[in-house]
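Structure first, then comments.
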Amino acid sequence: MALWGGRFATGPDESVAKLSRSVHFDWRLAPYDIRVNIAHVAGLKRAGYLSEGDAAKITAALKELSVEVLTGDFTYNDSDEDVHSAIERGLIEKLGELGGAFRAGRSRNDLVVTDFKLYLIDHLLQISLEVAQLAQVIDDAAKAQIDLLAPGFTHLQHAQPILFSHELAKHSHALLRDLDRLKDWQSRNSISPIGAGALAGSALVPNPEITAAELGFGGVARNSIDVVSDRDFVAEALFDLAMIAVHLSRIGEEFTIWNTQEFGWVTLDDAFSTGSSIMPQKKNPDIAELARGKAGRLIGNLTAMMTTLKGLAFAYNRDLQEDKEPVFDSIEQLLVLIPAVRGMIATATFNRDRISSQIETGHSLATEVADFLVRSGTPFATAHEISGRAVALAQSLDCDVHELSDEQLATVHPSLTGELRASLSAKAAVESRTSISGTSTKSVTTQLAQLDEKIRTFTAYIDGEQKRFSGMMSA
Ligand code: ARG
C-alpha cells in the first residue's frame with residue numbers, strides 16, 4: 001500500500017516501485033514501528049485529536065498486529081512500499097478508515113528515524129552482550145595460563161619475554177573499549193525525533209516529551225530539521241561495529257599464525273576448524289580467517305554511510321533510505337561471527353611447551369643487560385650501546401646474549417659483572433616488569449581481576465538496559 005497518491009494521475013512505473021521499495025529490508029523495523037505508533041496514538045489522544053474509544057481501538061489493533069508480525073501471520077506484500085506503509089495497511093485491514101487516523105501529526109521522516117533508533121538501541125545491546133561474553137572467555141583463557149612464559153614480539157620479531165596470559169588479555173582490553181563506545185552511543189543517541197514531523201515540527205502533538213519518555217528515550221530533539229536529516233547515530237554505530245570487527249580481525253590473524261605448523265602454539269578444536277575438499281589431511285583455521293575477512297565488509301558499510309551523508313542537502317532526502325542495509329548487515333554479521341570466535345577460543349588448546357620453548361632466543365634478554373647497567377648508574381644511551389655490543393659478540397659466537405659467560409660479558413664492558421646473571425632469564429625479565437600495565441605475574445593478576453570486574457559491571461548494565469527495553473516494548 002502506498003501512503004500517498006491523491007495528487008498523482010497514475011501510480012508509479014514498475015521500475016520506480018522496484019527502486020523505491022525498501023520493505024524487504026526495513027521490515028526488520030516492524031516491531032519498533034508498531035511500538036512508536038502505539039506511543040503516538042497515546043499522544044494524539046492526550047492532545048484531543050483521537051477520542052478515548054478510537055485510541056483504544058487503534059491501540060488494541062496495533063498490539064494484535066505486533067503479535068501477528070512476531071508469529072509471521074502478518075507480513076508485507078507486493079504492494080507495500082516500506083515497513084510504515086505495510087503496518088498502516090495491516091491496521092486499515094483491521095479497522096477500515098479509522099486505521100488511517102493514527103498518522104496525523106507525524107511523518108515517515110520522523111517515524112523512520114525513531115524506529116531505527118529503537119532498532120539500534122535493541123541490537124547494540126545484543127552486540128554488547130556478545131562482546132562482553134567474548135571478553136570473558138579470553139579473560140578466563142588468560143587466567144588458565146597465568147604461569148606460562150612466552151616470547152613477546154614487535155615487528156613479528158622476538159622482542160622481550162612476557163606472560164602468555166598478558167598476550168591473551170590484551171584482546172579483552174580492546175573489547176572493553178568497544179563496550180565503552182557502545183554504552184557511550186546509547187547515552188548520546190537516546191533522543192526522540194517524534195514531534196519533528198516532516199521537517200518543521202508537528203502542529204498536532206504538543207507534548208512529544210511524554211511520547212519520548214514512554215519510548216524510553218532520555219530526551220527530545222531540539223531542531224526538527226536536524227533530527228530528520230541527522231544520521232550521525234548511524235555512522236557512529238557503524239564505526240563502533242567496524243572497530244569491533246577490526247579487533248576480531250586482529251584476533252583472527254593472531255590465531256591463524258599461532259595455528260601454523262611453524263608456530264604450533266595453538267590447536268583448534270575440530271568443531272571450530274574446517275577441512276579441505278581436495279587435501280584430506282587439512283584442518284584449516286577458517287573461523288579465524290573469516291574473523292579477519294569480515295572487517296573489510298564492516299569498514300565498507302561505514303564508508304558507504306559516510307559517503308551517502310557527505311554534502312547531502314537538508315532535511316530529509318531519499319538518499320537517507322540507504323542508511324539501513326549497511327547497519328543490518330554489520331549487526332547480522334557480528335551476531336554470527338562473535339559466537340564462533342568465542343567458541344574457537346574457549347575450545348582451543350594452547351601448546352604450552354611450544355609457546356615457552358623459545359622465550360630466550362633472538363637475544364630477547366638484551367634489554368635486561370641495558371636495564372642492569374642503568375640500575376648501576378650508566379645513562380641509558382650508553383647502556384644500550386654496551387648491550388648492543390654484547391649482542392654483536394653473541395652473534396659472532398653463534399649464541400644468544402644470555403649464553404655469554406661472565407668472562408665474555410666482562411670483555412664487552414667492565415660494568416657487566418657476575419651480578420648481571422640473576423637478571424638474565426626470561427622469568428626474571430618478566431617478573432621485573434611490575435608497572436601497572438606490565439607483564440609481571442603480580443601486575444597481570446591484578447589486571448585480570450580488574451578485567452573480570454569491568455566485564456561484570458558491563459554485563460549488569462547491559463542486562464538492566466535489556467530489561468528496561470523489553471519492558472518498554474511490551475508496555
Ligand atoms: N522508507 C523511507 C526511508 O527509509 C521512509 C521515509 C520516507 N520519507 C519520504 N519522505 N519519502 O527513508
Side-chain angles (χ1 to χ4, degrees), residues 1-8 10-13 15-37 39-40 69 75-91 100 102-123 189 192-205 215 221 223-235 237-238 301 304-332:
M1 191 191 83
L3 299 180
W4 44 271
R7 61 104 72 209
F8 289 83
T10 64
D13 184 79
S15 65
V16 175
K18 208 166 164 186
L19 171 67
S20 183
R21 220 165 120 85
S22 57
V23 69
H24 51 290
F25 57 83
D26 67 19
W27 185 244
R28 292 172 178 81
L29 301 181
Y32 313 100
D33 193 79
I34 293 175
R35 182 63 189 91
V36 174
N37 282 325
H40 181 63
V69 165
T75 189
Y76 58 90
N77 68 22
D78 287 349
S79 73
D80 295 321
E81 181 181 327
D82 57 19
V83 60
H84 322 292
S85 42
I87 296 297
E88 185 163 332
R89 174 179 57 80
L91 210 56
F102 75 136
R103 209 207 285 171
R106 65 152 177 73
S107 146
R108 275 186 296 172
N109 297 355
D110 57 355
L111 177 63
V112 72
V113 190
T114 314
D115 294 358
F116 202 20
K117 278 194 169 178
L118 291 184
Y119 168 91
L120 270 165
I121 291 170
D122 193 8
H123 284 81
N189 294 304
S192 168
I194 286 290
L199 83 160
S202 170
L204 297 180
V205 183
L215 293 173
N223 185 307
S224 53
I225 303 172
D226 173 53
V227 76
V228 293
S229 47
D230 162 32
R231 295 295 184 277
D232 295 10
F233 72 99
V234 180
L238 285 168
N301 287 338
M305 186 71 243
M306 296 297 276
T307 312
T308 299
L309 291 177
K310 184 201 166 292
L312 186 65
F314 292 87
Y316 181 84
N317 295 276
R318 198 60 181 275
D319 314 44
L320 290 173
Q321 184 166 291
E322 290 297 315
D323 62 355
K324 285 169 217 65
E325 283 164 293
V327 168
F328 297 149
D329 185 58
S330 288
I331 284 178
E332 285 159 20

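For ligands, and for the atoms within them, numbers begin at 1 and follow the listed sequence. Model, not experiment: these values are computed from the prediction.
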Check your understanding: Given Ile225 and Val228, is the side-chain contact (heavy atoms from CB on, under 4.5 Å) satisfied, shown in steps?
Key -> CA-CA 6 Å; Ile225 303 172; Val228 293; 5.5 Å; no
Check your understanding: Just by distance, with hydrogens left out, do Asp110 and Ser107 show a side-chain donor and acceptor under 3.5 Å apart?
Key -> no
Exercise for review: Answer yes or no for Arg28 and Phe328: cation-pi contact, defined as NZ/CZ to six-membered ring centre under 6.0 Å and angle to ring axis within 45°.
Suggested key: yes
Give a table of atom pairs where an N or O of ligand 1 lies under 3.5 Å from a protein N or O.
| unit_1 | atom_1 | unit_2 | atom_2 | d |
| --- | --- | --- | --- | --- |
| ligand 1 | 1 (N) | Asp82 | OD2 | 3.1 |
| ligand 1 | 1 (N) | Gln321 | OE1 | 2.9 |
| ligand 1 | 4 (O) | Lys324 | NZ | 2.5 |
| ligand 1 | 8 (N) | Asn109 | OD1 | 3.0 |
| ligand 1 | 10 (N) | Asn109 | OD1 | 3.1 |
| ligand 1 | 12 (O) | Tyr316 | OH | 2.3 |

Taking distance alone, no hydrogens or angles, what donor-acceptor pairs closer than 3.5 Å link side-chain atoms of residues 309-318 to residues at least two apart or in another chain?
| unit_1 | atom_1 | unit_2 | atom_2 | d |
| --- | --- | --- | --- | --- |
| Asn317 | ND2 | Ala313 | O | 2.5 |
| Asn317 | ND2 | Ala315 | O | 3.4 |
| Arg318 | NE | Gln321 | OE1 | 2.8 |
| Arg318 | NH1 | Ser20 | OG | 3.4 |
| Arg318 | NH2 | Ser20 | O | 2.8 |
| Arg318 | NH2 | Ser20 | OG | 2.9 |
| Arg318 | NH2 | Glu81 | OE2 | 3.3 |
| Arg318 | NH2 | Gln321 | OE1 | 3.0 |

Check your understanding: Can you find a pair of side-chain heavy atoms, one from Asn301 and one from Val327, that are under 4.5 Å apart?
Key -> no
Revision key, fill the gap. Which of His84, Arg106, Arg103 passes side chain to side chain donor-acceptor pair (under 3.5 Å) with Asn37? Answer is Arg106
